[in-house]
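Read the structure below first, then the notes.
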Amino acid sequence: MPRKTVAAIGLAGAATWTWPAPLPLVPRIAERLGIPCRLAGTGGVALTFDDGPHPQGTPAVLEALEAAGATATFFLVGEQVARWPEIAAQIAEAGHEVGIHGYLHRLLLRRRVSSLASDLDRAYDVIAAATGSEPTLYRPPYGVFSSGALRLVRQRGWQPLLWSTWGRDWGARETPEAIAGRAVRRLGGGDVVLLHDADHYSAPDSWRRTVAALPLIFGVAGALGLPFVPASHSR
């Protein structure tokens, strides 16, 4: 399955519902199921990063964010937090928000609900221990929900969150200009931007192109007068 090219939503009462299309085509379905793709009641933009922490990519993104005075939300993978807890801690220490991206980065449609429950608990525990925070935002690997996963997330009182625009920054042939161009296309208040600060599950060194794209993204957002805000504003 191509990286992040499927957005699938779990529907309570159905075994599994998928939607094989880029997320920008899905907002009405996501809204119907109560899964935000955008921020509510704000003119800001949420800049989100998936798949970290990463020993080089995350510090580079943090440095770029600090230089721009921007706040972001990092959806962390538990197995990577276990490897790099000090880097996960740096994210929180820098004042950024952390969310849960699971313990293992695996497609939820291939997982039993019982094993997923353990995965979610394990992810929460390791992220909370490393960052000193209590994450309540959740984004599934590949942006794909199953009905069971959505139920488990809500039973825990967590907020599921997808995205409204992306840089599609995981490919080996992408350029910073192309990444930034997609991320800011029709950018407006309330958008949730998906990027990646790690290459654990994507093309090697893809994070470098993302970091190079960030000044371009900051420039467009600044020209539009759009501040960067935590993704928890989606509630």
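Fair warning: this is a prediction, and the values are worked out from it, not measured in the lab.
Under the 4.5 Å side-chain criterion, counting only non-hydrogen atoms from C-beta, R209 is not in contact with T175. Residues L62 and E66 fail the side-chain proximity criterion, which asks for heavy atoms closer than 4.5 Å. When side chains are defined from C-beta on, L161 counts as touching F75, because their heavy atoms get closer than 4.5 Å. For the pair L137 and S232, the minimum side-chain heavy-atom distance is below 4.5 Å. When side chains are defined from C-beta on, L120 counts as touching R156, because their heavy atoms get closer than 4.5 Å. Using a 4.5 Å heavy-atom threshold, the side chains of L76 and I100 count as separate. The side-chain heavy atoms of V81 and P53, taken from C-beta on, include a pair separated by under 4.5 Å. Considering only heavy atoms from C-beta on, T131 stays 4.5 Å or farther from F74 through its side chain.
In the hydrophobic clustering of ILVMFWY residues, with side-chain heavy atoms under 4.5 Å counting as a link, L65 and L226 come out together. Under the 4.5 Å side-chain heavy-atom criterion for Ile, Leu, Val, Met, Phe, Trp and Tyr, W84 and V61 are members of distinct hydrophobic clusters. Under the 4.5 Å side-chain heavy-atom criterion for ILVMFWY residues, no single connected hydrophobic cluster contains both I87 and Y201. Cluster membership for W170 and W207, using ILVMFWY side-chain heavy atoms within less than 4.5 angstrom, is shared.
The existence of a salt bridge linking D191 and R38 is confirmed by a sub-4.0 Å separation between a basic side-chain nitrogen and an acidic carboxylate oxygen. The pair D119-R122 does not count as a salt bridge, with every side-chain nitrogen at least 4.0 angstrom from each carboxylate oxygen. Ionic pairing of R182 and E174 is present here: one or more N-O contacts between side-chain nitrogen and carboxylate oxygen are shorter than 4.0 angstrom.
For the 3.5 Å distance criterion, the side chains of T165 and R186 fail to qualify, holding no donor opposite an acceptor.
Within a 6.0 Å radius of CD in Q155, other residues, nucleotides and ligands contribute more than 12 heavy atoms.
Panel note: side chain E134, backbone A128; no donor-acceptor pair is recorded below 3.5 Å. Proximity of a side-chain donor or acceptor of T48 to a complementary backbone N or O of V193 within less than 3.5 Å is detected. When atom types are taken as modelled, the side chain of D197 and the backbone of G57 share no donor-acceptor pair closer than 3.5 angstrom.
The side-chain contact (heavy atoms from CB on, under 4.5 Å) test with F49 is passed by exactly one of T210, T58, T73: T210.
Contact detail for L216 and P176: the closest heavy-atom pair is CD1-O, 4.0 Å. Nearest heavy atom pair, residue Q90 against residue P59, reads OE1-CG, 4.4 Å. A149 and L108 get closest at one heavy-atom pair: CB-CD1, 3.4 Å. The heavy-atom pair separating P140 from L162 by the smallest distance is CD-CD2, 4.2 Å. When every heavy atom of V98 is checked against every heavy atom of S133, the shortest pair comes out as CG2-OG, 3.0 Å. For V45 against G188, the heavy-atom pair with the smallest separation is CG2-O, 3.6 Å.
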Run the numbers on S146 and R151 for side-chain hydrogen bond (donor to acceptor under 3.5 Å, both in side chains), then give the verdict. CA-CA 9 Å; S146 67; R151 183 172 63 253; over 6 Å; no

For ring-ring contact (aromatic ring centres under 6.0 Å, His included), just list the numbers for H101 and Y138, CA-CA rounded to whole Å, side-chain angles, deciding distance to a tenth of an Å, and then say yes or no. CA-CA 6 Å; H101 202 39; Y138 175 75; 7.6 Å; no

Verdict with supporting geometry, Y124 and Y103, ring-ring contact (aromatic ring centres under 6.0 Å, His included): CA-CA 8 Å; Y124 177 90; Y103 191 88; over 10 Å; no

Report the C-alpha distance between H196 and D169 in whole Å, list the side-chain angles of each, state the deciding distance to 0.1 Å, and finish with yes or no for side-chain hydrogen bond (donor to acceptor under 3.5 Å, both in side chains). CA-CA 7 Å; H196 298 80; D169 55 346; 2.7 Å; yes

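The distance from the CG atom of L47 to the CZ atom of F228 is 5.0 Å, given to the nearest 0.5 Å. Atom-to-atom distance recorded for L214:CG and L195:CG is 6.5 Å, nearest 0.5 angstrom. Atoms CG and CH2, from D50 and W163 in turn, are 7.0 Å apart once rounded to the nearest 0.5 Å.
Note: H54 and H200 meet the aromatic proximity criterion, with ring centroids under 6.0 Å apart.
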